[in-house]
Amino acid sequence: YLKAGNNFFLGNKFNWSEIYPPAPTFVESIRGESYKNIFIVGDYGLILHWNGKGWYRYDQFYTYANGNGDVLSRAWIKGNIVFIVGHSPLIQGIIYRGTQ
């Protein structure tokens, strides 16, 4: 992937296509194992998954209170397992582990 300004591109050194995540302004990290398995994480508990055809937004992790919210800073993907880490104003650390 490549992020240029507010634009996101998916590809390799020969071919790039622009992708349009549903919440481009809250992004902290983009990680993928393939062009069909990409996670975007970010501010306010943002978790987006690209399966090669469309985006899925995990709204159950959204947090916003008095202008503050969880910040999810990194995602790691291996096969069908994903780990997401971050921090919150209310607790020191966040670790999510899930399967797809």
Side-chain angles (χ1 to χ4, degrees):
Y1 82 92
L2 172 69
K3 181 178 188 299
N6 285 332
N7 300 326
F8 296 85
F9 298 89
L10 177 64
N12 56 38
K13 60 184 173 181
F14 302 109
N15 187 20
W16 291 90
S17 300
E18 189 166 7
I19 59 174
Y20 303 96
T25 58
F26 299 122
V27 173
E28 291 287 330
S29 179
I30 303 172
R31 291 290 179 263
E33 188 177 56
S34 73
Y35 69 94
K36 292 182 179 178
N37 189 15
I38 299 170
F39 277 86
I40 294 178
V41 296
D43 300 345
Y44 306 109
L46 175 68
I47 301 175
L48 301 171
H49 180 243
W50 173 258
N51 65 7
K53 296 180 183 178
W55 290 101
Y56 181 79
R57 183 177 179 145
Y58 293 86
D59 287 327
Q60 65 268 36
F61 297 101
Y62 176 80
T63 57
Y64 183 86
N66 299 324
N68 294 312
D70 295 348
V71 176
L72 303 177
S73 53
R74 296 284 184 265
W76 291 272
I77 302 119
K78 183 67 175 175
N80 69 338
I81 299 173
V82 61
F83 286 94
I84 296 171
V85 298
H87 66 276
S88 169
L90 303 175
I91 57 177
Q92 291 193 9
I94 298 170
I95 301 172
Y96 294 131
R97 177 190 182 274
T99 57
Q100 339 176 40

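Predicted model, so just to flag it, every value in this text is computed and none were measured.
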Quick one, Val41 and Arg74 - any side-chain contact, counting heavy atoms below 4.5 Å? no
Among residues at least two apart in sequence or on other chains, which ones pass side chain to side chain donor-acceptor pair (under 3.5 Å) with Arg57? Asp59
Nearest atoms (heavy-atom pairs only) where Asp70 meets Ser88: OD1-OG, 2.9 Å
Between Ala75 and Ser29, what is the shortest heavy-atom contact and its length? N-OG, 4.3 Å
In terms of hydrophobic clustering (I, L, V, M, F, W, Y; side-chain heavy atoms under 4.5 Å; direct or indirect links), are Ile40 and Val71 co-clustered? no
Side-chain donor/acceptor pairs under 3.5 Å, residues 76-85, sequence neighbours excluded:
none

Approximate separation, where rounding is to 0.5 Å, of Tyr96 OH and Leu72 CG: 6.0 Å
Take the angle between the ring planes of Phe26 and Tyr44 and call it parallel below 30°, perpendicular above 60°, tilted in between. perpendicular
Taking only residues two or more places apart in sequence, or in another chain, which ones meet Tyr62 in a ring-ring contact (aromatic ring centres under 6.0 Å, His included)? none
Any Ile30 side-chain heavy atom under 4.5 Å of Ile38 side chain: yes
How close do Asn51 and Lys53 get, heavy atom to heavy atom, and via which atoms? OD1-N, 2.8 Å
Sequence-distant partners of Ser73, side chain to side chain donor-acceptor pair (under 3.5 Å), two or more places apart: none
